[in-house]
There are 4 protein chains.
Amino acid sequence: MTIRVTVWGENVHERTNAVVARLYPDGMHNCIAEALNEDEALEARSVTLQEPEHGLTEELLDHTDVLVWWGHAAHGKVRDEIVDRVQARVLQGMGLLVLHSAHYSKIFKRLMGTTCSLKWREAGERERLWVVNPGHPIVQGLGEYIELPHTEMYGEPFAVPNPDEVIFISAFEGGEVFRSGLVYRRGNGKIFYFRPGHETYPIYHDAQVRQVLRNAAKWARPEGSRWIDRCPNVPPDRAPDPVEIKGEGLHKPGEEGFR
Amino acid sequence: MTIRVTVWGENVHERTNAVVARLYPDGMHNCIAEALNEDEALEARSVTLQEPEHGLTEELLDHTDVLVWWGHAAHGKVRDEIVDRVQARVLQGMGLLVLHSAHYSKIFKRLMGTTCSLKWREAGERERLWVVNPGHPIVQGLGEYIELPHTEMYGEPFAVPNPDEVIFISAFEGGEVFRSGLVYRRGNGKIFYFRPGHETYPIYHDAQVRQVLRNAAKWARPEGSRWIDRCPNVPPDRAPDPVEIKGEGLHKPGEEGFR
Amino acid sequence: MTIRVTVWGENVHERTNAVVARLYPDGMHNCIAEALNEDEALEARSVTLQEPEHGLTEELLDHTDVLVWWGHAAHGKVRDEIVDRVQARVLQGMGLLVLHSAHYSKIFKRLMGTTCSLKWREAGERERLWVVNPGHPIVQGLGEYIELPHTEMYGEPFAVPNPDEVIFISAFEGGEVFRSGLVYRRGNGKIFYFRPGHETYPIYHDAQVRQVLRNAAKWARPEGSRWIDRCPNVPPDRAPDPVEIKGEGLHKPGEEGFR
Amino acid sequence: MTIRVTVWGENVHERTNAVVARLYPDGMHNCIAEALNEDEALEARSVTLQEPEHGLTEELLDHTDVLVWWGHAAHGKVRDEIVDRVQARVLQGMGLLVLHSAHYSKIFKRLMGTTCSLKWREAGERERLWVVNPGHPIVQGLGEYIELPHTEMYGEPFAVPNPDEVIFISAFEGGEVFRSGLVYRRGNGKIFYFRPGHETYPIYHDAQVRQVLRNAAKWARPEGSRWIDRCPNVPPDRAPDPVEIKGEGLHKPGEEGFR
C-alpha cells in the first residue's frame with residue numbers, strides 16, 4: 001500500500017537568496033519530494049508556509065502517513081493552531097521527519113519538551129555521518145558512513161530528551177561531534193530527526209542522503225489504528241466493577257472535567 | 001545542605017468550595033508545604049496563582065531546588081511566560097513534582113510533548129498504589145502498597161511518553177488501573193508525576209502520601225551544575241581543528257542564527 | 001511476504017499432568033501455532049525441548065522470523081549453547097515472544113540482564129488486562145481490556161529493565177497489579193513479553209489472547225537487514241583519515257583482540 | 001557519609017608486559033584507587049583476579065557501595081558464580097563503573113544482554129571526548145571536551161542497549177566516533193561505562209580522566225534501600241482481597257515455583 005508523504009517547506013531562502021535559488025530552483029521541498037518519489041512505495045507531494053493554513057489543512061493531514069518538515073528562517077511564522085494540529089496527528093500515528101534546522105521548529109520543540117539547542121558553524125566543512133546500527137531500516141543501502149564534503153557544523157550538546165535509539169553520529173572536519181540521526185516515539189507517531197540539509201550546500205541532491213530520506217519515510221509509516229485521544233469520564237455504574245458514589249465531589253455526574 | 005522547595009498552588013477551590021475549605025483551611029499548598037517541612041532536610045514555602053507573576057519570580061525560582069505543582073481548575077490562567085520560565089529552570093536542573101490533576105497543567109504538557117489525557121471518575125472509591133520497585137528512594141518507608149479509602153479514579157490510557165521508570169501502579173475499586181508514579185529526566189531536571197490528591201478527599205493528610213512527597217522532594221534535588229543552555233556559534237578559527245571557510249553560506253561571520 | 005514463526009515449547013506438563021493433557025492434547029506449542037496460523041500472513045510451526053538441539057538448529061533459526069517461547073518446569077534443561085544461538089539471532093533481528101512463565105527462561109533473563117522475578121499465586125482468579133495504548137499494533141481488534149476468568153496471579157515488583165513501552169497492565173481479583181505486556185528492542189530484535197498462559201487454564205484457547213499472539217508476531221517481524229555483529233580491527237592505513245602508529249601497544253598489527 | 005569503593009583489576013599485563021609495568025608499577029587498579037582517594041568523600045581499595053574468590057567475597061561486596069571493573073586479557077578466567085554475585089549486588093543498588101576493555105567483561109555483557117562489540121585500532125592516536133550534557137554530575141569540573149593525545153580507538157557500532165543518557169561522544173584522529181560515556185540503571189544499580197583506559201598509554205594518570213572517575217563514583221552511590229529480590233508466593237488468604245481457589249492448579253499450596 002502506498003505511503004502518502006507530505007513535504008512541508010518554509011520556502012523562504014529559495015526565493016530571496018541567489019545561492020539557494022540556484023541549488024534548488026524548484027524549492028528544497030520539491031527536491032525532497034522528488035527524492036522520495038524515486039521509491040514506488042512512496043507518494044510524496046509538497047506544501048509550503050505561504051499557502052492557506054500553511055498548506056496543512058485537516059483534510060491533507062488526514063490523508064498524510066508521513067510528514068517531512070523543513071524550516072529555518074521562519075519558525076516563528078508558523079501559527080500555533082497549525083502546530084497543535086500536526087502534533088495531534090503525530091500522536092495518533094502519523095510519522096514525522098524533522099530535517100536539519102527544523103531542530104528549532106515549533107513542532108519539534110513541542111514534541112521534545114526541551115530547548116533543542118546545539119552549537120553551530122557555517123564554514124562548508126566536511127562531515128562524516130557514522131552508522132551506529134547497521135541493521136536498522138533507516139540505514140539500509142549505506143556503507144559504514146556517509147561523507148558530505150561541505151556542510152554546516154552542528155555540535156553537541158544537543159538539548160533533546162534521550163532518544164529511543166541513536167542512528168547516526170557525525171564527526172566534523174573542525175573536530176566536533178553530533179548525534180545526527182535520532183528516533184523517538186511520541187504517542188503512536190514515529191519521529192526521526194536527521195541533521196543534513198543546509199540550504200547553501202547541495203545536500204538534498206546527495207544520493208545517500210536521498211536514500212536515508214526514503215528509508216526513513218518507510219520506517220515512519222503508521223502502524224496500528226488511529227487512536228483519538230480524549231479524556232473520558234467513566235460513570236460509576238459503567239466501571240468493570242460498578243461502584244457506589246461515596247463522599248463529596250467537585251463534579252456533578254456527567255459533567256466535563258477541567259482542562 | 002537544606003533542599004529549598006517551593007509549593008505552587010492554584011488556590012481556587014479552597015476559597016470557593018465548602019468541602020475543600022473544610023479539609024484544607026490553609027489551602028492545599030500549605031498542607032503540602034507542612035508535610036515537606038516535617039523533614040529537616042527540606043525547607044518548603046508556598047506561593048499561589050493569585051500573586052504577582054503567580055508567585056514564581058526569577059528570584060524565587062533561582063533559589064528553588066524543587067518545585068511542587070498543584071493545579072486543577074485554573075490551568076488556563078497560568079501565563080505562558082511563567083511556564084517558559086519554569087521549564088527553563090527544570091531543564092537547568094530544578095526538580096519538579098507534578099501532583100494529581102496537574103497532569104493537565106501547561107508545564108507538564110509542555111515537558112511531556114503529549115496530551116497527558118486519561119480516564120476519570122469521581123466516586124470516592126478505594127485505590128491501592130502498588131510499589132513497583134521497593135528499592136527506589138521515592139518509596140522508602142512504605143509497605144507493598146498504599147491504600148487510600150476514597151479517591152478519584154484515573155485510568156489508563158495515560159497519554160504520556162514512556163517514563164524512565166514506573167514507581168507506582170494503582171488498582172481502583174471499580175477495576176481500572178493507572179501508572180500513578182512516574183519519573184522522567186528532561187535536561188538536568190528530575191520530574192516525578194504522582195497521582196494522589198483530589199481536593200475533596202483528605203489525601204494530603206495521609207501519612208504515607210506525605211512520606212512519598214518528602215522522599216520525592218529529596219530525590220528530585222539538583223545534582224551537578226546549572227547548565228545555561230543557549231545555541232552558540234563556534235567561529236572557524238576557534239574549532240579544535242581550525243577550518244577555512246569553503247563555499248557560500250547564509251550567515252555573515254559572527255551573525256546570530258535564526259530562531 | 002509470509003512471516004515464518006517457530007513456536008518453542010518445553011512440552012513437559014502436557015505429558016505428565018492430566019489437567020494439562022486434557023486442555024492441550026496436542027501440546028501447548030501446537031495450540032499456539034494453530035492460533036498463529038489463523039492469520040494468512042503467518043506461517044507457524046512448532047518444535048520442542050526433547051528434539052535434537054531442542055529443535056532449534058542453525059538451519060531452523062536462519063529461516064525463522066519470529067520465535068515464540070513457552071517454558072515453565074524445564075528452564076534449567078535448555079542448553080547454554082542453544083541459548084547463545086537464539087540470543088545471537090534476536091540481536092540480528094529475529095522477533096521474540098516470551099510467554100507467561102518464560103519470564104524465568106534462560107533466554108529472557110539473558111536478554112534482560114536482571115532476575116525477572118515477580119510475585120505469584122495459583123488460585124484460578126479473574127484477571128483483566130488493560131490496554132495502555134489503544135493505537136499500538138499489538139492491541140488491534142481488542143476492546144478496553146481482556147478479561148480472563150481463571151488465571152494464575154503474577155504481581156509487581158516485576159524485576160525487569162524499564163521497557164520501551166507498557167502495552168498491558170493487569171488487575172487481579174485478589175488485588176495485585178502487573179505489567180503484563182512489555183516491549184523491548186535488543187540489537188535489532190523486537191521482544192514482547194506477554195503474561196497470560198498458565199497450563200492448567202485454557203488461556204491459549206481464548207480468542208482475544210490468540211488475537212494478541214497474531215498481532216505480536218506480525219509486529220515482531222524483522223525490519224532492516226541482518227547485521228552480523230563481530231568486533232573488527234581497523235588497521236591504521238584503513239582509517240578514514242589514515243594514522244601513523246605512535247607509542248607502544250599490546251597487540252601486533254593484524255592480531256585479534258582479547259575476548 | 002563516606003562512599004566505599006572497590007576497584008577490581010585483572011592484574012595481568014602489569015606483570016607480563018614491560019610497557020604496562022613501567023606505566024603502572026603498582027598495577028592499574030591501585031592507580032585508579034589512588035585517583036579515587038583524592039576525594040575525601042570516597043574511600044577506595046583494590047582487589048584482583050588472583051585473590052581467593054577473585055577478591056570479591058560476599059563480605060566485601062556487602063560493604064561496597066561502588067565497584068570499578070578493569071579487565072582485558074582474562075575475562076574468561078572470571079568464575080561465573082562471582083559474576084552472579086556481582087550482578088545480584090548491582091541489582092540491589094551497588095554502583096558499577098565499567099572501564100575501557102571491560103566492555104567485554106562477563107559482568108557487563110551479563111547486565112546488557114547484548115554482545116557489547118565495537119571496532120578497534122591500536123595506533124596511539126588522539127581522542128577527544130566531547131561532553132554531551134554539561135550539567136551532568138559526571139562531567140563537573142571539565143571543559144567542553146577531554147583530549148587524550150594517545151589512545152586506542154574504539155569505533156561505532158557499539159552493540160549495547162540504548163543507554164539512559166549519553167555522557168561523552170569521542171572523535172578519533174583516524175575519523176571514527178564512539179559513545180564513550182554511557183549510563184544505565186539496572187534494578188537499583190547505576191552503571192557507567194567509560195571508554196578511556198588502555199594499558200600501554202598513561203590514561204589513568206590524566207587529571208581529567210581521574211576527575212571523571214571520582215565524579216562517577218559519587219554519582220553511582222546507592223540511593224534508597226537494598227531490595228532483596230526473590231519470587232514470593234502470595235497465598236490466597238493473604239491477598240489484599242482474599243480469594244477462594246478455583247479450578248485445578250500445578251502447584252500444591254505453599255509449594256515453591258519452578259525456576
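The figures that follow rest on heavy atoms only: side chains count, while hydrogens, waters and symmetry mates do not. Chain identifiers are assigned alphabetically (A, B, ...) following the order of the sequence lines, protein sequences preceding nucleic acid strands; residue numbering begins at 1 within each chain.
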Between [X] and chain C, with a heavy-atom cut-off of 4.5 Å, which part of the residue counts as in contact: side chain, backbone, both or neither?
X	result
D/Leu91	side chain
D/Val90	neither
D/Val19	side chain
D/Glu244	backbone

Options C/Glu152, C/Arg185, C/Lys119, ranked by heavy-atom pairs under 4.5 Å with chain D, top entry: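 Between C/Glu152, C/Arg185, C/Lys119, the count favours C/Lys119.
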Leading residue by heavy atom contact count with chain D [cutoff under 4.5 Å; candidates C/Ser105, C/Ser117, C/Gly175]: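 Ranked by heavy-atom pairs under 4.5 Å with chain D, first place is C/Ser117.
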D/Thr115 side, atom OG1; C/Ile228 side, atom CD1 - distance, nearest 0.5 Å: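 Rounded to the nearest 0.5 Å, the OG1-CD1 separation comes to 11.0 Å.
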Spacing of CD1 belonging to C/Ile245 relative to NE2 belonging to D/His150, to within rounding of 0.5 Å: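 Answer rounded to 0.5 Å: 13.0 Å.
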Shortest non-hydrogen contact from [X] toward [Y]:
X	Y	value
C/Pro235	D/Arg121	C-CD, 3.7 Å
C/Thr200	D/Glu248	OG1-O, 2.8 Å
C/Cys231	D/Trp120	O-NE1, 3.3 Å
C/Asp241	D/Glu173	CB-O, 3.7 Å
D/Gly113	C/Gln87	O-NE2, 2.9 Å
D/Glu176	C/Pro240	OE2-CD, 3.6 Å

Choice from D/Gly247, D/Gly187, D/Pro157, D/Gly71 maximising heavy atom contacts with chain C below 4.5 Å: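 Top option by heavy-atom pairs under 4.5 Å: D/Pro157.
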Largest heavy-atom contact set with chain C, pairs under 4.5 Å, which of D/Arg186, D/Met112, D/Arg110: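 Counting heavy-atom pairs under 4.5 Å, the top option is D/Arg186.
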Region of C/Val160 in contact with chain D, defined by heavy-atom distances below 4.5 Å: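 Contact with chain D involves no heavy atom of C/Val160 at all.
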Heavy-atom proximity to chain D below 4.5 Å, by part of C/Tyr201: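 Contact with chain D: side chain only.
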Steps toward side-chain contact (heavy atoms from CB on, under 4.5 Å) verdict (C/Asn162, D/Asp164): CA-CA 10 Å; C/Asn162 193 53; D/Asp164 296 343; over 6 Å; no
Working for side-chain contact (heavy atoms from CB on, under 4.5 Å), residues C/Thr114 and D/Leu111: CA-CA 7 Å; C/Thr114 57; D/Leu111 286 161; over 6 Å; no
Over 12 foreign heavy atoms within 6.0 Å of CZ, C/Arg238: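 No, not enclosed.
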Side-chain heavy atoms of C/His72 within contact of D/Leu250, under 4.5 Å: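 When only atoms from C-beta onward are counted, D/Leu250 and C/His72 do touch, with a gap below 4.5 Å.
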Under 3.5 Å: donor-acceptor pair, side chain of D/Glu125, backbone of C/Val243: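 Not confirmed, D/Glu125 side chain does not pair with C/Val243 backbone.
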Residues C/Lys246, D/Glu122; criterion salt bridge (Lys or Arg N to Asp or Glu O under 4.0 Å); working and verdict: CA-CA 9 Å; C/Lys246 281 159 278 194; D/Glu122 197 189 33; over 6 Å; no
